[in-house]
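Since this is a predicted model, take the numbers as computed values, not measurements. All residue numbers in this chain count up from 1 along the given sequence.
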Amino acid sequence: MSAFPSRAPLLPEIMALHGHWRADRDAVVCDNERWSWARFCEDNHRFAHGLHSIGVQPGDRVGVFMENGYPMLTALFGTLAAGAASVPLNTSVSDDAIVAMLGDAGIKVLIVSACFTGRFDALRERLPDVTCLSDLPAAGWTGMAEIAAGQPTHRPEIDLSDDAPLNIIYSSGTTGLPKGILHTHAGRRDWAYDLAIALRYHSAARTLLTIGLYSNISWVAMLCTLLAGGTLVVERRFDAAVFLDRVAQSRITHTAMVPIQYQRVIDAQRAEPRDLSSMQAMMSCGSPLHQGLKRDIFDVFPCGIIELYGLTEGIITTLDPEDAEGRWASVGKPLIGTDIRIVGEDDTALPRGETGEIVSRGRITMPGYWQRDDANAEARWVDPQGAVWLRSGDIGYLDEQGFLYIVDRKKDMILSGGQNIYPQDIEAVLVTHESIEDVAVIGVPSERWGETPLALVVPRDERLSMDALLDWANQRLGKQQRLAGCIAVTELPRNPNGKILKRELRKQYGDSANG
């Protein structure tokens, strides 16, 4: 028996302790306003007590459909302090998807930014028995400030278990209802601890947030910063020039973004240079960093970049800046305390150098999909010793030093004439063309080959000939990889995490080749 029994604190207690011991330090900066750690915690605690006053109990789910800003942080972390689970939603999804996801989560309360209340007025009848709150006064809506008014500023005294749900983040989904990815209080705390080490966060971190706070990428940056007692600098929306100005003026040290954002930042910096010397660590994830862009980032930012490959479900690898030279295409090694393997089509583990599906296990893995036993079963791989691993659905291989390389998404692989073709390999060739801004390769039906590759290209120069580009590309591609065609587009559809939605491209361009 321990003479000094102790229990690892969960995030609500850790943050409350920051509010006590770091009371006067900035916790949040937004719209040129500042909130100290003491004020941030008091606001979260008042709102948590307010949620309890309207019937929210620990374990209940609270939907959050809001634009970036301080009220959204209060909604998320007040819900956390109340012991309820937040369900933050992507604000660009359709009405039917909103209703489906909130219904699937079984939310008790919905919190909406005032700019969205008109949209939800038409949806409220489809969300029965849900209490609706708005960040600002709106007709027919209860304000967040109204339920928080007069509430205590101390942390609610609730008994939270390690496996209590902290949030449910819905996947982008390929067909049907997206899957709810459940995270627990202990799981998210441990996830933040391990990521904070890998991404080099500390108590003096000043982290710039430019992606919607519903995104798991933002949750990485938020929880790592808040765990360490640093400062969140929140932008309502991304603008490359504003990003650079903020880095220079606010002495930003950390950020997390997707590749297309970094490309725009690099272009803006080269057009009008700013002082970037304060930046200490940047993370890129959501989709692969092409080698050329990764090199450009190293040229422009002295700190280089940490590329993260991961799933919201829990698989994570990182490539440290010190390891990037000579491994520009790699996404690094597993996060501390986690393991990965490569398995073949027969579900046997493969040796280094061979390509197969990536699986992972570790304490950061989700406990499971919300109310989806079928999806949980599909995502399991059990090794010969009986240990359970999480399937990624991604194809990759490990080199002799154990560095991971992503080949492609399993569902995006093209089967042409009996050969596996990985679109990412073709895209890596195309992006080296100086006149290409962005590109995606998809498989389209072919009478001769079954499937054949097609390139959708966003050109930098509108004079770029697609026929000339096709010839240029096919001279550099392997025989089996050769493109059936190139089509110019103005932009590529992406989800909030920057991933190209190839399923949308397949729907639109599926009949564009028939060779």
Side-chain angles (χ1 to χ4, degrees), residues 194-195 197-200 259 262 281-299 303-311 313-362 364-365 381 383-385 387 389-414 419-432 441 476-478 480-481 499:
D194 296 347
L195 276 167
I197 294 172
L199 302 178
R200 307 177 185 190
Y262 284 109
M282 306 191 305
M283 182 267 277
S284 176
C285 65
S287 60
L289 266 177
H290 293 300
Q291 295 182 50
L293 175 56
K294 193 181 292 188
R295 290 175 186 270
D296 286 344
I297 294 170
F298 273 81
D299 288 342
C303 65
I305 195 160
I306 301 170
E307 183 169 11
L308 183 149
Y309 157 72
L311 277 65
E313 289 88 336
I315 296 175
I316 294 177
T317 68
T318 57
L319 180 69
D320 293 335
E322 297 81 8
D323 291 327
E325 185 67 41
R327 302 184 184 91
W328 296 105
S330 173
V331 292
K333 293 189 176 184
L335 195 65
I336 298 167
T338 66
D339 197 8
I340 60 173
R341 289 187 187 175
I342 307 296
V343 299
E345 293 184 4
D346 61 356
D347 269 0
T348 59
L350 298 175
R352 291 185 178 182
E354 293 196 23
T355 298
E357 184 177 6
I358 303 160
V359 299
S360 176
R361 65 189 297 259
I364 64 168
T365 305
W381 179 72
D383 68 21
Q385 290 71 44
W389 300 62
L390 174 68
R391 292 181 180 274
S392 69
D394 290 333
I395 303 298
Y397 68 91
L398 296 167
D399 68 13
E400 290 304 315
Q401 288 75 44
F403 286 89
L404 178 65
Y405 293 75
I406 307 299
V407 175
D408 227 315
R409 286 292 296 170
K410 191 173 183 179
K411 63 177 178 288
D412 291 335
M413 184 180 71
I414 302 167
Q419 299 292 320
N420 293 341
I421 298 174
Y422 300 106
Q424 189 172 313
D425 291 342
I426 302 174
E427 291 162 358
V429 172
L430 288 167
V431 296
T432 64
V441 172
R476 290 161 174 79
L477 293 169
Q480 296 291 339
Q481 297 175 313
K499 290 182 180 178

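- Looking at heavy atoms from C-beta onward, L195 lies in side-chain contact with L308 at the 4.5 angstrom threshold.
- Residue I340 holds its CD1 atom at 10.0 Å from NZ of K333, rounded to the nearest 0.5 Å.
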- Task: Might you work through the side-chain contact (heavy atoms from CB on, under 4.5 Å) test for D347 and R391, ending with a clear yes or no?
- Result: CA-CA 11 Å; D347 269 0; R391 292 181 180 274; 2.6 Å; yes
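- In this structure, CD1 on I406 lies 6.0 Å from OG1 on T317, to the nearest 0.5 angstrom.
- A donor-acceptor pair is defined here as one N or O able to donate and one able to accept, closer than 3.5 Å; no such pair exists between the side chain of E307 and the backbone of V331.
- In this structure, P334 and R361 have side chains that are not in contact, with every pair of non-hydrogen atoms separated by 4.5 Å or more.
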Problem set entry | Steps toward side-chain contact (heavy atoms from CB on, under 4.5 Å) verdict (R327, Y405) | CA-CA 9 Å; R327 302 184 184 91; Y405 293 75; 3.9 Å; yes
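- Residues I364 and D194 form a side-chain contact, since some pair of their non-hydrogen atoms from C-beta on lies under 4.5 Å apart.
- In this structure, L199 and I306 have side chains that are in contact, with non-hydrogen atoms separated by less than 4.5 Å.
- Pairing each heavy atom of M282 with each of I305, the nearest pair is O-CG1, 3.4 Å.
- Formation of a donor-acceptor pair under 3.5 Å by the D320 side chain with backbone atoms of D323 is not found in this model.
- A heavy-atom distance below 4.5 Å is not found between the side chains of I197 and L335.
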- Query: Do W381 and R341 pass the side-chain contact (heavy atoms from CB on, under 4.5 Å) test, and can you show the C-alpha distance, the side-chain angles, and the key distance before you say yes or no?
  - Reply: CA-CA 11 Å; W381 179 72; R341 289 187 187 175; 3.9 Å; yes
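- F298 and W328 have perpendicular rings, their planes meeting at more than 60° on a 0 to 90° scale where under 30° would count as parallel.
- I342 and E354 get closest at one heavy-atom pair: CG2-O, 3.7 Å.
- Atom CD of E345 has 12 or fewer neighbouring heavy atoms from other residues, nucleotides or ligands inside a 6.0 Å radius.
- With rounding to the nearest 0.5 Å, the separation of CG in L311 from CG in D394 is 6.0 Å.
- Taking 4.5 Å as the limit, some side-chain heavy atom of P259 sits within range of a side-chain heavy atom of L293.
- Nearest approach of R200 to A281, heavy atoms of both residues: CB-CB, 4.2 Å.
- Y309 places a side-chain heavy atom less than 4.5 Å from the side chain of S392.
- Not one N or O on the side chain of Q291 forms a donor-acceptor pair closer than 3.5 Å with the backbone of A428.
- Shortest non-hydrogen contact noted between T355 and L350 is O-CD1, 3.4 Å.
- Atom CG of L390 and atom CD1 of I315 lie 4.5 Å apart (nearest 0.5 Å).
- In this structure, T432 contributes its side chain and V429 its backbone to a donor-acceptor pair below 3.5 Å.
- Annotation: the span from S284 atom OG to L319 atom CG amounts to 11.0 Å, rounded to 0.5 Å.
- Looking at heavy atoms from C-beta onward, L398 lies out of side-chain contact with F403 at the 4.5 angstrom threshold.
- Side-chain N or O atoms of R352 include one that pairs as donor or acceptor with a backbone N or O of E400 at under 3.5 Å.
- Put simply, CG on L289 and CZ on R295 are 12.5 Å apart, with the number rounded to the nearest 0.5 Å.
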